[in-house]
Amino acid sequence: MFNINDTIAVAVSGGKDSISMLHILAKMKTIRPKTTLIAVTIDEGINGYRDEALRIASSECSKLEVPHKTFSFKQLFGFTLDELVTRRIGKANERLTACAYCGVLRRRAMNIAAREVGANKISTAHTLDDEVQTILMNIFRGDLTRLMKGKPLTDEVHPKLVRKVKPFCEIPEKESALYAYVKKIRLQATPCPYASEALRNDFRSMINAMEERHAGMKFSVFSSMERLRLDLNQRSKHEVLGECAKCGEPSSGSLCKVCELLKTLTK
Ligand code: SF4
């Protein structure tokens, strides 16, 4: 996933997984001095939630001597997530959850942030649990494009799209939590107020119940998907990305997903 002279934008939300990843990458850096780490936090603008995470992220970064930058939805898109969620009422996308907006905008924000700090890789702390949830969610939605795109190391598809790596993709969430506990990493106490809206919660419960009864199931799903991706990748044509007519960011359509979402909310 990493090359020796990478400049890595480490996506640090302030949660246990991202802080554990930051600790491990900082440790790796001591034996790879040519690697540059820059921690990046995206502030979605969620009142009473993100502030605590930002404090934890900032204090862990200064402890590890990793430079830290914060980018906000407000600064990049003109709205906080709280404002967007209020605006969705009565609009065409009213039924979209806060997490659906958050996911699309956060991916864009992270890519812009990585470019601004000069990174050639974005490292995110998606665990095995996150990966299996995402795989099954995409299968249930019939979203094959996203199923294929969610690789642990993304392809180089557009010069403006920074490649993503997921070094924790085979690490169960419990092990990442245990690492944070052993390292005495301060954990965020406040949950996101929109978390209960997330479809992911239903998949998390279902998958955990399956794993409890059939140990190793999570890893089997993940490795099956890896083999399938390899096979399908060889057969299918690579997606050619153009640029959004409005914002100029990489997009498969004439208007990117971010501009489409913002358009419906600002009408
Ligand atoms: Fe965003 Fe949903 Fe996560 Fe909250 S729970 S930070 S709204 S994705």
Side-chain angles (χ1 to χ4, degrees), residues 9-22 39-58 60 68-89 91 93-113 122-138 140-141 143 146 149-150 164 166 168-169 173 176-177 180 186-208 257-258 260-262 264-265:
V10 189
V12 176
S13 66
K16 65 180 186 331
D17 299 329
S18 66
I19 299 283
S20 295
M21 177 181 67
L22 179 73
V40 171
T41 303
I42 305 299
D43 177 6
E44 303 89 349
I46 304 173
N47 199 17
Y49 166 66
R50 189 45 81 202
D51 302 346
E52 185 191 8
L54 275 170
R55 278 195 298 275
I56 295 174
S58 154
E60 292 296 322
H68 180 221
K69 291 204 165 197
T70 301
F71 295 78
S72 71
F73 278 12
K74 185 81 178 175
Q75 153 206 3
L76 295 171
F77 309 117
F79 300 100
T80 63
L81 185 68
D82 287 338
E83 287 166 351
L84 289 171
V85 166
T86 313
R87 277 176 171 261
R88 77 185 154 164
I89 298 163
K91 301 279 180 8
N93 284 338
E94 185 173 17
R95 292 183 62 202
L96 277 186
T97 61
C99 298
Y101 289 100
C102 188
V104 171
L105 268 57
R106 185 144 34 82
R107 276 192 292 278
R108 170 63 55 80
M110 198 60 223
N111 190 58
I112 296 175
I122 298 171
S123 183
T124 63
H126 292 96
T127 60
L128 176 65
D129 296 62
D130 297 320
E131 289 302 285
V132 175
Q133 288 154 19
T134 306
I135 290 167
L136 294 186
M137 279 163 69
N138 285 331
F140 272 60
R141 288 185 184 125
D143 194 338
R146 286 179 75 174
K149 274 189 193 167
K164 285 193 208 134
K166 301 176 194 171
F168 276 15
C169 63
E173 196 178 308
S176 160
R186 204 175 117 216
L187 299 181
Q188 184 175 14
T190 329
C192 173
Y194 302 116
S196 60
E197 291 184 24
L199 172 67
R200 188 172 284 278
N201 292 330
D202 298 335
F203 280 87
R204 182 182 292 114
S205 311
M206 179 182 84
I207 294 162
N208 284 345
K257 193 83 187 139
V258 170
E260 266 179 23
L261 277 180
L262 293 177
T264 58
L265 294 175

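Ligands are counted one by one from 1 in listed order, and the atoms in each one are counted from 1 as well. Treat the numbers as computed from the prediction; the structure is a model and nothing was measured.
A heavy-atom distance below 4.5 Å is not found between the side chains of E44 and L105. Between T134 and H126 there is no side-chain heavy-atom pair separated by less than 4.5 Å.
Distance check: K16 NZ to I56 CD1 gives 12.0 Å after rounding to the nearest 0.5 Å.
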Next item on the list: Take R107 and K164 through the test side-chain contact (heavy atoms from CB on, under 4.5 Å) and record every step on the way to the result.
Entry: CA-CA 10 Å; R107 276 192 292 278; K164 285 193 208 134; 4.0 Å; yes
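Within the sub-2.8 Å shell of atom 4 (Fe) of ligand 1, the protein contributes these N/O/S atoms: C192 SG.
With hydrogens and angles left out, the side-chain atoms of R204 and N201 include a donor and acceptor closer than 3.5 Å. For S176 and D17, the side-chain atoms include at least one donor-acceptor pair closer than 3.5 Å.
From the protein, the heavy atom lying nearest to atom 3 (Fe) of ligand 1 is R106 NH2, 4.0 Å.
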